[in-house]
Number of protein chains: 4
Amino acid sequence: MEVLHMFGSEEQKRLWLQPLLKGEIRSCFCMTEPDVASSDATNIECTLDRDGDSYIINGKKWWISGAGNPDCKIALVMCKSKQPDASNRHSHHSTILVPMDTLGVIRVRPLTVFGQDDAIHGGHFEVHFENVRVPTSNIILGEGRGFEIAQGRLGPGRLHHCMRAVGLAEMALELLCERAASRRTFGKALYQHEVVAHWIAKCRLMIEQTRLLTLHAAHALDTKGSRAARKQIAMIKVAAAQMVCKVVDCAMQVYGGAGLSGDFPLAQMYAYARTLRLADGPDEVHLSSIAQLELRDQLKKAQAKL
Amino acid sequence: MEVLHMFGSEEQKRLWLQPLLKGEIRSCFCMTEPDVASSDATNIECTLDRDGDSYIINGKKWWISGAGNPDCKIALVMCKSKQPDASNRHSHHSTILVPMDTLGVIRVRPLTVFGQDDAIHGGHFEVHFENVRVPTSNIILGEGRGFEIAQGRLGPGRLHHCMRAVGLAEMALELLCERAASRRTFGKALYQHEVVAHWIAKCRLMIEQTRLLTLHAAHALDTKGSRAARKQIAMIKVAAAQMVCKVVDCAMQVYGGAGLSGDFPLAQMYAYARTLRLADGPDEVHLSSIAQLELRDQLKKAQAKL
Amino acid sequence: MEVLHMFGSEEQKRLWLQPLLKGEIRSCFCMTEPDVASSDATNIECTLDRDGDSYIINGKKWWISGAGNPDCKIALVMCKSKQPDASNRHSHHSTILVPMDTLGVIRVRPLTVFGQDDAIHGGHFEVHFENVRVPTSNIILGEGRGFEIAQGRLGPGRLHHCMRAVGLAEMALELLCERAASRRTFGKALYQHEVVAHWIAKCRLMIEQTRLLTLHAAHALDTKGSRAARKQIAMIKVAAAQMVCKVVDCAMQVYGGAGLSGDFPLAQMYAYARTLRLADGPDEVHLSSIAQLELRDQLKKAQAKL
Amino acid sequence: MEVLHMFGSEEQKRLWLQPLLKGEIRSCFCMTEPDVASSDATNIECTLDRDGDSYIINGKKWWISGAGNPDCKIALVMCKSKQPDASNRHSHHSTILVPMDTLGVIRVRPLTVFGQDDAIHGGHFEVHFENVRVPTSNIILGEGRGFEIAQGRLGPGRLHHCMRAVGLAEMALELLCERAASRRTFGKALYQHEVVAHWIAKCRLMIEQTRLLTLHAAHALDTKGSRAARKQIAMIKVAAAQMVCKVVDCAMQVYGGAGLSGDFPLAQMYAYARTLRLADGPDEVHLSSIAQLELRDQLKKAQAKL
Ligand SMILES: Cc1cc2nc3c(=O)[nH]c(=O)nc-3n(C[C@H](O)[C@H](O)[C@H](O)COP(=O)(O)OP(=O)(O)OC[C@H]3O[C@@H](n4cnc5c(N)ncnc54)[C@H](O)[C@@H]3O)c2cc1C
Ligand SMILES: Cc1cc2nc3c(=O)[nH]c(=O)nc-3n(C[C@H](O)[C@H](O)[C@H](O)COP(=O)(O)OP(=O)(O)OC[C@H]3O[C@@H](n4cnc5c(N)ncnc54)[C@H](O)[C@@H]3O)c2cc1C
Ligand SMILES: Cc1cc2nc3c(=O)[nH]c(=O)nc-3n(C[C@H](O)[C@H](O)[C@H](O)COP(=O)(O)OP(=O)(O)OC[C@H]3O[C@@H](n4cnc5c(N)ncnc54)[C@H](O)[C@@H]3O)c2cc1C
Ligand SMILES: Cc1cc2nc3c(=O)[nH]c(=O)nc-3n(C[C@H](O)[C@H](O)[C@H](O)COP(=O)(O)OP(=O)(O)OC[C@H]3O[C@@H](n4cnc5c(N)ncnc54)[C@H](O)[C@@H]3O)c2cc1C
C-alpha cells in the first residue's frame, strides 16, 4: 500500500491503490525466496525477462504474508533482471505488480510458525511464479529500482510491527500479574516470590523503554522522513522484537505448564513474537546497520570537533 | 517404573513392575493439577478417602505424559488424605496405584505444547478421577509417604531428561553449522559472519559444560545415591533446560524464516526444549533448592574451619 | 540542599540553605552505617537522645560523600530515637542538622572505590558521632519524620545521577568508536569485526532507551511531583546504573589492556559506574519497589475493567 | 619457563632454565606493544636486525608481567625480522632471549589495573628496547619461528590462569554466603531474599561447570598434547574469565558499599578477574578460534556420514 502511494504511477494508483484504500482488495509483498538467504536482498533470484510489451517472471517465493486471503488480488514481486547493468550491484532488482489471478501464479502451500498456520491473517504462503506474463506498465518506478522501493516501504511497516509488539507485551505483563496474584506456592502468592517480582519490574522497564523509543522513532519518521529516521527505525525493530520475546517468555514461565498449553494465549503469542526477530529482516542485519550509522555519526562529531 | 522398583511391595512388583519391564504395558505419573500451583506439591488436592478395604479418589490432574498411549495401563496418583495428620505438612500426601481402566478414570483431553500434541509419545492428558475406587493394598509404602516417593523418583528421571537435552542440543548445533556453511549473505558464508561464528563457539561451550555436569551428576547418583546427589541433580536440571533452549533458539535464528517452519525440526525442538524448564519442576524451584544446599555446605565448611 | 529547600524551617533555611545556594559552603548526607545493612533504612542505629534543649547523637556512618571537602560545613544525619513510638516502624527515625565542626564529629578515614579515593569530589568518608550535642531546633520537620525526608530527597538526586550516567555512557561510546576506528587486527579495523560493530549498535540502543526514560521521568517529576513519579524514578535508577556499567565495560574490552590502565579514563569510569548500582539504594531494592507499584497499577486496571 | 623447557637449546637451558627451576631467578614474556593491536600477533613491530654475530632489538612493549621484580633476570621478546620472508605472514616473527640487564633495556613505568599496581607480583611494566644487542645464539628455535613458540607456550599457561580463576570464584562465593548469612534487610537475612538465593545457586552452577571443563581440558592436554587440546584450552580461557567476573561481581553486590571498599578483597579480586578477559588474548579472539575448530569438526563428522 505504502509502496503504491509513494512510488506508483497514476495508472497504477487508480487500478490498485484505490480499491486497497477502500478495503475492497488486499495485497502481498513477495521478496523472500526459499533457495537463497534473503536477508541480503541482492541474493534474490526470481527472474524478470523483457519480451516485447511484457515481462515474464519465473521464481519461487515463500513466507508471503496474506497471500492466502481470498481478497488478496495483487502482489508486489521483487525480481532480478535477466540482463542487469553489471556495474551496480544495487540496480539489478525491480518491483513489479502481478495480479494474483494471472496464469502461472501458484499458491503452493501455507507455511506454519511453530506448527500454527496463522490462517486468520491469510497465512504465510509459498508462492511460485511460472512463466507469469504481465504488461511492462506494471513495473514500479522502472527497471532496476527495486532497492529504492524496498527501502522506502519498510519504515512505516516496521513501526506498525513495533507498536503491535509493545501492545502484545503489555497484554503479556497483564496476564503475568493476574496469574502471579492468584496462585500460591510455598506459602506465598507468586508475586511475593522476589524472583517473580523482579521479573515484573524488569518487564515493565523493558516495555517502557521500548514504548518511548517507538514514539521517538515515529516522531522522527513524521518530522524528518524515512531516510533520516533510518537509525531509529532499525533500533526499534531490534529492541521491540527482543523485548516482546523476553516478556512473553517470562509470562509463560509464570503460568507453569498452563503457559505452554492452548488454554491461554501465551504460547501463540510467543510464536508470533518470535517471528518479529526475523520478519522484515533479522536482528543481526539491523544491528549491523545501526552500527554503521552510529560510526558515521561519531565520525562527523569527531571531525566537527577539529 | 523406578518408583515400583524402589518402593513397591512384592505383590505390586509382580502385578505391575514385571509387565512394565517386559515392555508389555506402560505407566503414567499423576501429580500436577490444573487448579493449584503444583510446583509446590503440598498444594495437591486430589482426595484420598478410606472406605473399608478401599480408597476412593477424587480430583483433576493434567499434563499427564503418556496417558494417551493405549498401552498405558497403570497410573501412580498423588493424593491428599482426607483426614491428614495435622502436625506435619509433609505427611498429608500419598501415592497410589490406579489401573487406567478403573471406573471413573477419565482421559478428558490431550493438551498441546505450542499447539502441537506430541501424540507419538502418548501425549500429555488432562485426566479426571471421579469416585475412583481401588483396594487399600494399592497404596505405595503407606499413607502419608507420597513425598518420600516423589523425591526418590525424580533423580534418575531428571538425568534422562538432561541426557536427552544434551543430545538435542548437539543435533541443533549440527544443523546450525550445516546451514551456516551453505548460505551466504553480504558476500560471506553465514559462518564467516563473526556474530554467527561466536554463537557457534558459545553453543559448543554451553553444551560441553552441561555434558560434563551431567556425567558428573550421573556418577554421583551411581556412587553416592539419590539423596547425596540432590544438589547435582538440581543443578543439571536447571543447566540443561536453559542451555538447550538457548542453543535451539540460536539455530532457529540462523535458519531465518525456515527455522520457524515445519520444513526443519527446529521449531518443534524448541517447543520440546521449552517444556524442560517446567516439567519435573520449574527452574526457579530447583534454583531455590540449590541455594539452600549450597548455604548448608558453606556453613559446614565455615564451622569446620573453627 | 533539596531537603532544606523542601522541609527546612525559616531559621534553618537562613542559616544553611542560603550559604549553600551561594556556593559558600557544602553539605553531606549521613545515612549509611557500617554495622547494619543500610539499604533497609529501618536498620539505622545511630541514636538521637533528647536532653533538655539539646539532642545527643551517637553512632557511626560511612560512605559519606563530600565529607572530606574542607567547604563541607553541615551534615544531615539520620538517627533513631532512643524512645521511639513502638507502634510504627516508620516513625522511629529523624533527620537532624549537625555542623561539621561540632565537638565529637570525627572524620575517621576516606574510603576507596576500587582502590581509588575520589578525592576531587571530597571523597567518601567514615564519620563517627561521639556524644555530639546540637540544639533541638536543628531537627528537620520534627522527631520521627526522617523517612518522609529521605523519600522527598531522593527523587531529584537520583535524576542527577542518571543524567550523569547517560553522559558518561555517551563518552564511553565515543571513546569506543574512536579506538575501533584506529586499530586493526586480522586484516580489519576493529569496528569491521562484526562482534564489535554489534556492541556499538547495542550500546547506542541502551543509551537511547535510558536517555528517553530519564527525560520521561524528569517530566513526570516536574509535572506530577515526586510521589507520583516514584515508579519512573526507581526505573531510571536501575536502568541507568546497569546500562552505564555495560557500556563502559564494552569500551574497556575494545581498548584491550589499555582499557584497564591509567592511560585512558575507562577503568576509573567503570569504578564510578559500578557505584551507581549501590549508591542511593541497590538495584534490588528498587526493582522490588517497581514491582510493588506495578502490581498496584495492574490491580487498579483490573478492577476498573469490572 | 615452559618455552625454554620445550624449545630451548641445551646451552639456553643450562644458562636460564636451571636457575629458573631452582627459583633463583624469574623471567618475563614480552609480546604486547602499546602502538599496535597485539591480540593479532602478526601486528608485532619490535624489530630484530641481524648484525654479524648479534641481533639488534628496537621496540616498545607493555603489560610485561613480573618485569618489575628484582629477581627478573631474563626476558623472552617477540620481534619481527627486518628482512622477513615475504611469502608467509606467519614466519616473520621470532622469540629471543634478552637478559634484563643488557644495555638499552629500559623499565619505563609500571602500569596500573583499575588504579592498582599489583606490585606484589612484580607489577606489569612498560619496557623499551633501544638498540639492545644480544648474541645470535639467544634466538629460540631459529628466526621466523616465534609463532610456533607462542602457540606451544600458551596451553599450560592458560590452564594455570583458569585454575586460579576457579579458586578465586570459590573464595568469592564463600565470602558472599558469609555476608548473606550475617546481614538482614526488610525482616530477612540476605540469603532469604530469593534473588540473592538464586545468585548463590547460579554462582555454584557456573563454578562447577567451569571446574569440570578445566579438569577436562587439563586431562586432554596431558593425554593428547597441546595441539589436540586447542579447542578445550580456548574454551576454558573464555569460560573461566567470564565466570569469575560474574561471580565476583555478584559477591560485590551482596556486600553493598563495603564490596567496593578496601575493607574486603572483592574490589581487588574484580580488578584481577577483569584482566583475565584480556590477558593471554581477549575473549573474542578465543571465541573465533573455537568456532573455527568446531566448524572443522562438524565438517569432518558430516563427511564421515557420507
Ligand atoms: C511470519 C513471517 C512473515 C513474513 N512475511 C514476509 C512477507 O510478507 N514477504 C516477504 O517477502 N518475506 C516475508 N517474510 C520473510 C522474512 O522477511 C525473511 O525470513 C527474513 O528477511 C530473513 O530471510 P531468510 O529467512 O531468507 O533468512 P537468511 O537470509 O537465510 O538469514 C538467516 C540468518 O542468517 C543470519 N544473518 C544473515 N545476515 C547476517 C549478517 N549480516 N550478520 C549476521 N548474521 C546474519 C541471521 O541470523 C539470519 O536470521 C516473513 C517471515 C516470517 C517469519
Ligand atoms: C511437557 C510436560 C510434561 C509434563 N509431564 C507431567 C507428568 O507426566 N506428570 C505430572 O504430574 N506432571 C507433568 N508435568 C507438569 C509439570 O511437572 C508442572 O507443570 C510443573 O511442575 C509446574 O507446575 P505448574 O504447572 O502447576 O506451575 P505452578 O506451580 O503454577 O508454577 C508456575 C510458576 O511459578 C513460579 N514459581 C513457583 N514456585 C516458585 C518459587 N519457589 N520461586 C520462584 N518462582 C516460583 C515458576 O516460575 C513457575 O513456573 C508436565 C509438564 C509439561 C510441560
Ligand atoms: C560511591 C558511594 C557514595 C555513597 N554516598 C553516600 C552518602 O553520601 N550518604 C550515605 O548515607 N550513603 C552513601 N552511600 C551508601 C549507599 O547508599 C549504600 O551503600 C547503599 O544504600 C547500600 O547499603 P549497604 O552498603 O549498607 O548495603 P546492604 O544494605 O548491606 O545491602 C547489601 C546488598 O544486599 C542486597 N539486598 C538488600 N536488600 C535486598 C532486597 N530487598 N532484595 C534483594 N537484595 C537485597 C543487595 O544486593 C545489596 O546490594 C554511598 C555509597 C557509595 C558506593
Ligand atoms: C594484567 C595483564 C597482564 C598481561 N601480561 C602480559 C605479559 O606478561 N606479556 C605480554 O606480552 N602481554 C601481557 N598482557 C597483554 C595482553 O596479552 C594483551 O592486552 C591482549 O593480548 C590484548 O592485546 P591488546 O591490549 O593490544 O588489545 P588489542 O589487540 O588492541 O584488542 C582490543 C580489543 O579488540 C577486540 N578484538 C580484537 N580482535 C578481535 C577479533 N578477531 N574479533 C573481535 N574482536 C576483536 C577485542 O575486544 C580486544 O579486547 C597482559 C595484559 C594484562 C591486562
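Below, chain A is the first sequence line, B the second, and so on; all start at residue 1.
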Best-contacting candidate, [options], against chain C by heavy atom pairs under 4.5 angstrom:
options                      : answer
D:Arg184, D:Gln253, D:Glu284 : D:Gln253
D:Leu266, D:Asn43, D:Thr185  : D:Thr185
D:Ser261, D:Pro34, D:Gly115  : D:Ser261

In terms of heavy-atom pairs under 4.5 Å with chain D, the winner among C:Val195, C:Leu260, C:Thr32 is C:Leu260
For the candidates C:Leu278, C:Thr42, C:Asp283, which exhibits the highest count of non-hydrogen atom pairs separated by less than 4.5 Å from chain D? C:Leu278
Counting only heavy atoms not in [X] (residues, nucleotides, ligands), do more than 12 fall under 6.0 Å from its [atom1]?
X        : atom1 : value
D:Lys231 : NZ    : yes
D:Glu174 : CD    : yes
D:Tyr191 : OH    : no
C:Gln192 : CD    : yes

[X], part contacting chain D, at a heavy-atom distance under 4.5 Å:
X        : result
C:Thr275 : both
C:Val36  : backbone
C:Thr112 : both

Under 4.0 Å between a side-chain nitrogen and a carboxylate oxygen: does that hold for D:Arg277 and C:Asp249? yes
Is any NZ, NE, NH1 or NH2 atom of the basic residue among C:Asp263 and D:Arg109 found under 4.0 Å from an Asp or Glu carboxylate oxygen of the other? yes
Using every non-hydrogen atom in the two residues, find where D:Trp62 and C:Ala258 come nearest and quote the distance to one decimal.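 Looking at all heavy atoms of both residues, the shortest contact is CH2-CB, 3.6 Å.
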Might you work through the side-chain contact (heavy atoms from CB on, under 4.5 Å) test for D:Val285 and C:Phe186, ending with a clear yes or no? CA-CA 10 Å; D:Val285 174; C:Phe186 306 97; 4.0 Å; yes
Verify, without hydrogens or angle tests, whether D:Gln116 (side chain) and C:Phe114 (backbone) share a donor-acceptor contact under 3.5 angstrom.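 Checking the backbone N and O of C:Phe114 against the side chain of D:Gln116, a donor-acceptor pair under 3.5 Å is found.
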Side chain, backbone, both or neither: which part of D:Ser39 has a heavy atom under 4.5 Å from chain C? both
